[in-house]
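Numbers here are sequence positions counted from 1. What you see is a predicted model; the values in this text were computed from it and never measured. Order of listing sets the numbers, starting from 1, for every ligand and every atom in it.
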Amino acid sequence: MKKLYILLAATICMMAAGCNRQSEKMTDMKYRPLGNTGLMVSEISIGCGGFEKMDSASALELMTVALDSGMNYIDIYDANPKTRSNIGYALQGRRDKMIIQGHIGTIYKDGQHSRTRDIDETRQGFEDLLSRLGTDYIEVGMIHIADSPEEWQELQNSPFLDYVFQLKQEGKIKHIGISSHNTEVALMAAKSGWIEVIMFSMNLAFDRLQAGANPWDKNAMNNLQAGIDPMRIELYDYCSTHNIAITVMKTFGGGGRLLDEKQSPLGKAYTPEQCIAYCLAKPCVATCILGIDNIDELKADLHWMHTTEQEKDYTATVKKDEAEQPGDCTYCNHCSPCAVGIPIAKINELLDKATTEGLTPELQAQYDALPHHAGECTDCEACVSRCPFDVDIPAKMKKAKEVFGK
Ligand code: SF4
Ligand code: SF4
């Protein structure tokens with residue numbers, strides 16, 4: 001009966017105009033553009049880690065529920081043959097329903113998944129990926145983890161990168177991406193002009209790391225700042241304005257830390273919905289990739305589709321953390337990015353200084369040097385709902401224009 005239902009559902013989907021990889025007519029899943037790639041991806045998507053622990057029947061069941069629910073994006077970083085074969089088996093006959101972000105530069109050796117830049121290993125690892133998935137291409141070829149500026153530099157003009165471009169030329173990957181936990185690397189990649197997708201670690205805690213801090217460093221996680229690190233703001237703004245997609249990893253803080261009061265670096269537990277809503281509030285984010293170990297976890301994650309606005313609201317908790325009065329700007333940057341690129345927090349900071357200390361030539365010079373000015377505000381209010389402090393941002397922009405003259 002279940003098979004008959006699936007067959008019938010698939011037939012209806014095929015008949016529906018414009019229905020290809022999305023099941024939007026059958027589910028409440030929402031879709032977002034994957035940057036400039038022309039692909040539309042589900043707001044929540046599948047991380048591959050759990051497939052290693054499943055048998056093929058469980059993998060098939062999980063994939064069926066995910067596809068029927070409208071999920072159409074999967075990240076496959078893991079070189080473990082069992083992970084890849086399980087996913088390949090689960091996608092048999094419906095490869096075209098799933099957009100695959102597969103990693104280049106991973107190999108399974110000595111019984112474990114490893115990162116590699118060795119060209120022979122890289123080639124072998126990628127060919128194994130295609131073969132086990134039963135496909136001759138993937139949509140996003142993700143350069144696996146570059147986590148320092150030195151690693152980014154080493155990539156340039158390397159045989160590894162030549163191979164990545166060769167794969168694109170041959171149509172074995174349709175788009176080039178990179179994964180990183182390092183903001184500086186992600187920003188350099190965004191500005192490279194040839195990276196279309198960045199898999200980046202983003203969540204309520206990592207965004208508050210001090211510049212350059214490593215999210216796995218316990219001390220760094222104990223010294224989070226109030227607002228978002230300015231380099232992260234620059235990354236998110238750049239990606240938004242240049243249509244470079246961010247696919248989010250570590251949505252729940254890495255290993256689900258943010259969901260557990262005892263482990264949460266912010267001292268309290270957040271709900272999965274708050275964590276997802278936080279990331280999706282940034283226009284550059286295409287999808288949150290969620291680690292899913294079994295069907296129960298998948299079903300819990302799919303609750304996202306039916307979450308109320310109240311359940312998604314993370315701003316009250318941010319406000320409590322940062323203990324400010326409504327209406328006062330804390331320069332935290334949670335409202336970023338502005339639809340036209342205005343650096344809202346910086347302008348509010350300069351405006352507040354000019355109001356309390358008087359407009360000095362130095363303040364005016366700092367204002368003039370900004371890439372965009374308050375006078376460009378279109379009153380669109382896209383930023384307003386992202387401010388946890390109820391700041392009337394359009395009014396602030398009007399005031400700043402008056403004070404600074406543009
Ligand atoms: S209201 Fe003004 S400041 Fe806010 S996003 Fe729109 S243009 Fe930017
Ligand atoms: S306007 Fe709100 S969100 Fe934006 S920087 Fe100020 S307090 Fe933070």
Cation-pi, Y137 ring and K174 (6.0 angstrom, 45 degrees): yes
For A339, the ligand 1 atoms whose distance to one of its heavy atoms is below 4.0 Å: 5 (S), 8 (Fe)
Pair K53 + D293, salt bridge at N-O below 4.0 Å: yes
Residue C338 vicinity, atoms of ligand 1 by number, heavy atom under 4.0 Å: 3 (S), 5 (S), 7 (S), 8 (Fe)
Proximal ligand 2 atoms for C332, defined as those under 4.0 Å from one of its heavy atoms: 3 (S), 5 (S), 7 (S), 8 (Fe)
Aromatic contact, Y367 with H373 (centres under 6.0 Å): yes
Side chain, backbone, both or neither: the part of I344 lying under 4.0 Å from ligand 1 by heavy atom: side chain
Heavy-atom nearest neighbour in the protein, as seen from atom 6 (Fe) of ligand 2, with distance rounded to 0.1 Å: C329 SG, 2.3 Å
Nearest protein heavy atom with distance in Å, relative to atom 4 (Fe) of ligand 1: C383 SG, 2.3 Å
Per-atom contacts of ligand 1 with C377, taking only distances under 4.0 Å to non-hydrogen atoms: 1 (S), 2 (Fe), 3 (S), 7 (S)
For C335, the ligand 2 atoms whose distance to one of its heavy atoms is below 4.0 Å: 1 (S), 3 (S), 4 (Fe), 5 (S)
Criterion side chain to side chain donor-acceptor pair (under 3.5 Å) against Y236, the qualifying member of D207, N333, T241: D207
Spacing of L167 atom CG and L130 atom CG [to the nearest 0.5 Å]: 8.0 Å
Pair D162, Q166: side-chain N/O donor-acceptor within cut-off below 3.5 Å: no
Trace of the side chain to side chain donor-acceptor pair (under 3.5 Å) decision for S58 with N294: CA-CA 8 Å; S58 307; N294 53 53; over 6 Å; no
Atoms of ligand 2 close to I393 [distance to a heavy atom under 4.0 angstrom, numbered from 1]: 1 (S)
Residue portion contacting ligand 1 (non-hydrogen atoms closer than 4.0 Å) for E381: backbone
Per-atom contacts of ligand 2 with C387, taking only distances under 4.0 Å to non-hydrogen atoms: 1 (S), 2 (Fe), 3 (S), 7 (S)
Side-chain donor-acceptor pair present, Y73, Q101, cut-off under 3.5 Å: yes
2.8 Å cut-off met by an N, O or S atom of C380 to atom 8 (Fe) of ligand 1: no
